[in-house]
2 protein chains.
Amino acid sequence: MPLSPSVIKSLKYIVGPDNCLDSKEDMACYAYDTTPDFKLPDAVVFPKTAQEVSAILDLANQKRFFVTPRGAGTGMTGGSVPARGGVVLAMTRFDRILEIDIDNMVAIVQPGVITGRFQKAVEEKGLFYPPDPSSAAVSTLGGNAAECAGGPRAVKYGVTRDYVLGLEVVLPTGEIVKTGVKTAKGVAGLDLTRLIIGSEGILGVITQLTLRLLPQPEAVGTLTAVFDTIGGAACAVCSIMRSGIIPRTLEYMDQAAVLCVENHLHAGLPVDAGAVLLIEVDGSTAEVSGVSARLASLLAAENAREVRTAGQGIEADLLWKARKTISPALFTYAPDKLNEDIVVPKSRIPDMVLRVAELSRKTGLTMVSFGHAGDGNIHVNIMYDRADADQREAAQKAVDAVFDYTLALGGTITGEHGVGTTKAAYLKHEISPPALALMKRIKTAFDPKGILNPGKIFDG
Amino acid sequence: MPLSPSVIKSLKYIVGPDNCLDSKEDMACYAYDTTPDFKLPDAVVFPKTAQEVSAILDLANQKRFFVTPRGAGTGMTGGSVPARGGVVLAMTRFDRILEIDIDNMVAIVQPGVITGRFQKAVEEKGLFYPPDPSSAAVSTLGGNAAECAGGPRAVKYGVTRDYVLGLEVVLPTGEIVKTGVKTAKGVAGLDLTRLIIGSEGILGVITQLTLRLLPQPEAVGTLTAVFDTIGGAACAVCSIMRSGIIPRTLEYMDQAAVLCVENHLHAGLPVDAGAVLLIEVDGSTAEVSGVSARLASLLAAENAREVRTAGQGIEADLLWKARKTISPALFTYAPDKLNEDIVVPKSRIPDMVLRVAELSRKTGLTMVSFGHAGDGNIHVNIMYDRADADQREAAQKAVDAVFDYTLALGGTITGEHGVGTTKAAYLKHEISPPALALMKRIKTAFDPKGILNPGKIFDG
C-alpha cells in the first residue's frame with residue numbers, strides 16, 4: 001500500500017523537502033544491499049537529528065507505515081532492505097565524529113560515520129578502534145553496530161559489540177533514550193545497549209554511539225603461509241591456537257579464492273596452492289618480532305610449503321587487498337552466489353572444510369571458502385546461476401547441508417552477517433521455539449505496533 | 001503470606017525431602033547477602049537439574065509465590081535476598097565443571113561452581129579465566145554472571161560479560177532454553193545471553209554456562225607505588241593510562257584503607273602514605289620486564305615516594321591479600337558501612353577522590369576509598385553507626401552527594417555490584433523514564449506473572 005499524499009507531506013515537513021525522495025528512479029538506490037533482495041520503498045528520508053527520527057517514528061505509529069533504517073547498505077543478509085515497503089530512514093546525514101576523548105579512550109560518534117574514516121581519525125591521535133569489517137571503507141558505524149559486525153581482527157580483539165559502551169536510540173515508539181555508559185564499566189539496569197547491538201535494526205534507530213578505544217599497538221607484523229592442501233592449513237590453524245599465541249588476524253583463502261583474486265589483481269599469488277594463511281600479530285616491537293619468529297617455525301613444522309614474513313610495506317598491503325577483493329571478485333565464477341558465514345569450533349574447521357569440498361564435487365558448483373579461521377568463522381560462497389533451475393536447487397540444497405553440518409558440529413549459522421531475510425527460514429534450526437517466542441515478545445516490548453524493519457530475523 | 005502445606009509438599013516432591021528447608025533456623029543462612037538486608041524466605045530448595053528448576057518455576061506461576069535464585073550469597077546489593085519472601089532457589093548443587101575444551105578454549109560449567117575453583121582448574125590446563133572478583137574464593141560463576149561481576153583484571157580483560165558465550169536458562173515461565181553459542185562468534189537472533197548477564201536474577205535462572213578462555217599469560221609482574229597524596233596517585237593513574245600501557249590490574253587504596261588493612265594484617269604497609277597503587281602487568285617474560293621498567297620510571301616521574309617491583313613470590317601475594325582484606329576489615333572503623341561502586345571517566349578520578357575527602361571532613365564520617373583505578377571504578381565506603389540517627393542521616397546524605405557528583409561527571413552509580421535493593425531508589429537518577437519503562441516491559445516479556453526475584457532494580 002503506497003503512502004498517502006498527506007504522509008509524504010508530513011515526512012517532507014519533518015526532514016525538509018530536499019531530504020525526502022519519492023520518485024522510483026531516486027529510490028532504486030535504497031532498495032537493496034549485497035543480497036539479491038530488491039524492494040522499492042515508498043519514500044526515502046534523510047533525517048539529521050534524533051528529534052526528526054522520533055517524529056518520523058511517531059508518524060509511523062499513527063499512520064501505520066513501516067520504517068527501515070539504513071546505513072551504507074553493505075549488509076549481507078537484507079537487514080537494510082525495506083522488505084515490506086514503507087519508508088527508508090537513510091542515516092547518512094548523521095555523519096559527525098562528535099568527540100575523541102584521548103584521556104578516557106572513548107569516542108562519541110553519529111551512526112552515519114564511515115568506519116574507515118573513524119579508524120583513521122582515532123589513529124591520528126595514537127588510538128585504535130579494532131573492529132574492521134571488510135566493508136570498513138564504505139560501511140557505517142551505525143550499520144556495524146546494528147549487525148554486530150566482526151571482521152578479521154575479532155580473533156584477538158572481539159567484535160563491534162565489545163567496543164560499544166553506550167547508545168542514543170530512538171525507540172520504535174518514538175522516545176529518545178540513552179543506554180549504557182561512557183565509562184569502562186557499568187551495570188545499572190538491564191543491558192539495553194547489548195540487546196540493541198546485533199538486533200539488525202528491529203529494536204530501535206541508533207542516533208549516537210559511545211565507543212571504547214584502545215592505545216594503538218606499537219607494531220604490526222604480517223606473515224603468509226602457503227599449504228599444499230586445505231586440510232593442512234586447517235590443522236596449522238589449530239596448532240597456532242593451541243600454542244597460546246593470539247594473532248590479531250588469522251585469515252585463510254582456499255584455492256578457488258586465491259585463483260579468483262589472482263585473476264583479478266595479478267599479484268603473483270600461488271594459484272596452485274591448496275590454501276593460503278594470512279596472519280597478523282601486533283604488540284610492542286620486540287613482542288611482534290618474537291611472536292613472528294615463533295609462528296614462522298610453527299608453520300614450517302606444520303609443513304607449510306612457504307612462509308613469508310612481510311614488513312608493513314606494500315607487500316602486506318597487497319595481501320590485504322587480495323583478501324578484501326575476494327568477495328566482489330567471486331562473480332567471475334558465476335553470476336550469483338549464496339554467501340554464508342557459519343562458525344564452527346576451531347578444532348572442527350578441518351571437518352567443515354572437507355565437507356565443503358565434498359559438496360562442491362557432488363553438486364558440480366564452485367564453492368569458495370575463506371574467512372576468519374582464527375575464530376572458526378568461515379565464509380562459504382556457493383557460486384551458481386539463478387537462471388538455471390537445476391543449479392538453483394543444487395545451491396539451495398548445498399546451503400541446507402552446510403547449515404545442518406554446522407549445527408551438528410556445535411556451530412552457528414551466522415558469525416557476523418546476521419539473519420535478516422536470507423537466513424530467517426533457518427533460524428528455527430538453531431534457536432528453540434520457546435527462545436524464539438521470547439525474542440518475539442521482546443520485539444513487541446520495544447515495538448508494539450510492529451512498524452520498525454519488518455520481515456527480518458524471526459518475522460520472515 | 002507463608003507457603004501452603006501443599007506447596008511445601010510439592011517442593012519436597014520435586015527436589016526430594018532432604019533438599020528442602022523450611023525451619024527458621026535452617027533458613028536464616030539464606031536470608032541475607034553482604035548488605036544489611038535480612039528477609040527470611042518461606043522455604044529454601046536445592047535443585048539439582050534444570051528440569052527441577054523448571055518444575056519449581058511452573059509451580060510458582062500456578063500457585064503464585066516468589067522465587068529468588070541464590071549462588072553463594074556474596075552479592076553487594078541484595079540481589080539474592082528474598083526481598084518479598086517465597087522460595088530461595090539455592091544453586092549450590094549445580095557444582096560440576098562439565099567440560100574444559102583445550103583446543104577450542106571453551107568450558108562448560110554449572111552455575112554453582114566456585115569461581116576460584118574454576119580458575120585453578122583451567123590454569124592446570126594452561127588456560128586462563130580472567131574475571132576475578134574479590135569474592136572469587138567463595139562466589140559462584142552463576143552469581144558472577146547474574147551480577148556481571150568485575151574485579152581488578154577488568155582494566156585489561158573486561159568483565160564476566162566478556163567471557164560468557166552462551167547459557168542454559170530456565171525462563172520464569174518454566175521453559176528451559178539455550179542462548180548464545182559455543183563458538184568465538186555468533187549473532188543469530190536477539191542477544192538473550194548478554195541481556196541475561198547482569199540482569200541480577202530477574203529474567204531467568206542460569207543452569208549452565210559456556211565460558212570463553214584465554215591462553216595463560218607466560219608471566220605476571222607486580223609493582224607497588226606509594227604516594228604522599230591521593231591526588232598524586234590519581235594523577236599517576238591518568239599518566240599510566242595515557243602512556244598506552246594497559247596493565248592487567250591498576251588498583252589503589254587510600255590512606256584509611258591502608259591503615260585499616262595494616263592493623264589487621266601487620267604486613268608493614270606504609271600507613272603514613274596518602275595512597276598506594278598496586279599494579280600487575282602480564283604477557284611474555286620479555287614484555288613484562290620491559291613494561292615493568294617503563295612503569296617504574298613513569299611512576300617515579302609522577303613523584304611516587306617509593307616504587308617496588310615485586311616478584312611473583314610471597315610479596316605479591318601479601319599485597320593482594322591486603323587488597324582483598326580491605327572490605328571485611330573496614331568494620332574496625334564503624335559497625336556499619338555503605339559500600340558504593342561508582343565509576344567515573346578515568347580522567348575525573350582526582351576530582352572524585354577530592355570530593356570524597358571533602359565529604360568525609362564535612363560529615364566527620366570515615367570514608368575509605370579503594371578500587372579499580374584503571375577503569376575509574378571506585379569503591380567508596382562510608383563508615384557509620386546505624387544506631388546513631390545523626391550518623392545515619394549524614395551517611396545517607398553523603399551517598400546522595402557521591403551519586404550526584406558521579407552522574408555530573410558522566411559516570412554510573414554501579415560498575416559491577418548491580419542495583420539490587422540498595423540502589424533501586426537511585427536508578428531513576430541515571431536512567432530516564434522511557435528507558436525504565438522499556439526495561440519493565442522486557443521484564444514482563446520474560447516473567448508475565450512477576451514471580452522471579454521481585455523487589456529488585458526497578459521494582460524497589
Side-chain angles (χ1 to χ4, degrees), chain A residues 103-104 148 150 154 159 162 171 175 177-179 181-192 194-195 197-199 215 238 242 244 246 284 286-287 290 343-347 375-377 410-416 418-419 427 430-432 434-435 438-439 441-442 444-446 457-458, chain B residues 103-104 126 148 150 154 159 162 171 175 177-179 181-192 194-195 197-199 215 238 242 244 246 284 286-287 290 343-347 375-377 410-416 418-419 427 430-432 434-435 438-439 441-442 445-446 457-458:
Chain A
D103 280 351
N104 294 300
C148 191
V159 296
D162 302 305
L171 299 179
E175 296 104 331
V177 300
K178 296 258 184 189
T179 73
V181 289
K182 282 193 273 185
T183 49
K185 277 179 180 171
V187 292
L190 298 180
D191 193 345
L192 299 179
R194 288 169 191 87
L195 179 57
I197 303 298
S199 69
C238 290
R242 226 180 275 129
I246 305 183
S284 67
E287 199 189 348
V343 190
V344 296
K346 289 180 275 276
S347 65
D375 37 39
N377 189 189
T412 174
I413 62 169
T414 175
E416 53 184 24
V419 177
L427 192 62
E430 180 165 342
I431 303 203
S432 68
L438 176 60
M439 289 180 190
R441 294 199 300 275
I442 294 170
T444 303
F446 276 81
I457 311 182
F458 37 65
Chain B
D103 280 349
N104 294 301
C148 191
V159 296
D162 302 305
L171 298 179
E175 295 103 331
V177 300
K178 296 256 184 190
T179 74
V181 289
K182 282 193 271 186
T183 49
K185 277 177 178 172
V187 293
L190 298 180
D191 193 345
L192 299 179
R194 288 168 191 87
L195 180 57
I197 302 298
S199 69
C238 290
R242 224 180 277 128
I246 304 183
S284 67
E287 200 188 347
V343 190
V344 296
K346 289 180 275 275
S347 66
D375 37 39
N377 189 187
T412 175
I413 63 170
T414 175
E416 53 184 22
V419 176
L427 192 63
E430 180 165 342
I431 302 203
S432 69
L438 176 60
M439 289 180 190
R441 294 199 300 274
I442 293 170
F446 277 80
I457 311 182
F458 37 65

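Atoms considered below: every heavy atom in the structure, side chains included; atoms not considered: hydrogens, waters and symmetry mates. All chains are named by letter (A, B, ...) in the order of the sequence lines, taking the proteins before the strands, and each is independently numbered beginning at 1.
Heavy-atom distances place no part of B/Ala286 under 4.5 Å from chain A, backbone and side chain included. With a threshold of 4.5 angstrom between heavy atoms, B/Ile442 approaches chain A through its backbone and through its side chain. Using a 4.5 Å cut-off between heavy atoms, A/Leu190 touches chain B through backbone and side chain atoms alike.
Counting heavy-atom pairs closer than 4.5 Å to chain B, the top-ranked of the candidates A/Gly150, A/Ala188, A/Pro434 is A/Ala188. Put simply, of B/Lys178, B/Lys182, B/Arg242, the one with the most heavy-atom pairs under 4.5 Å next to chain A is B/Arg242. Contacts with chain A were tallied for B/Gly244, B/Ser347, B/Cys148; B/Ser347 has the most, counting heavy-atom pairs under 4.5 Å. Of the residues considered (B/Ile431, B/Thr179, B/Val419, B/Thr414), B/Thr414 shows the highest number of contacts with chain A, using heavy-atom pairs under 4.5 Å. Chosen from B/Asn104, B/Asp191, B/Thr412, B/Asp162, the residue pairing most often with chain A at heavy-atom distances under 4.5 Å is B/Asn104. Among the candidates B/Pro345, B/Gly376, B/Ala184, the residue making the largest number of heavy-atom pairs closer than 4.5 Å to chain A is B/Pro345. Between chain A and the options B/Glu175, B/Arg194, B/Arg441, heavy-atom pairs under 4.5 Å are most frequent for B/Arg194.
Evaluation of the side-chain contact (heavy atoms from CB on, under 4.5 Å) rule for A/Ala154 yields A/Val159, A/Asp375, B/Lys185 as partners, not counting sequence neighbours.
Two residues are said to be in side-chain contact when any heavy atoms from C-beta on lie closer than 4.5 Å; A/Val343 and B/Val181 fail this criterion. No side-chain heavy atom of A/Val177 sits under 4.5 Å from any side-chain heavy atom of B/Leu438.
Ion pairing of B/Asp103 with A/Lys346 is absent here, as no side-chain N (NZ or NE/NH1/NH2) approaches a carboxylate O to less than 4.0 Å.
Using modelled atom types, no side-chain atom of A/Glu287 and backbone atom of B/Glu287 make a donor-acceptor pair closer than 3.5 Å.
Across every non-hydrogen atom of A/Thr183 and B/Gly411, the tightest pair is CG2-CA, 4.0 Å.
Atom CG of A/Leu192 is separated from atom CZ of A/Phe446 by 5.5 Å, given to the nearest 0.5 angstrom.
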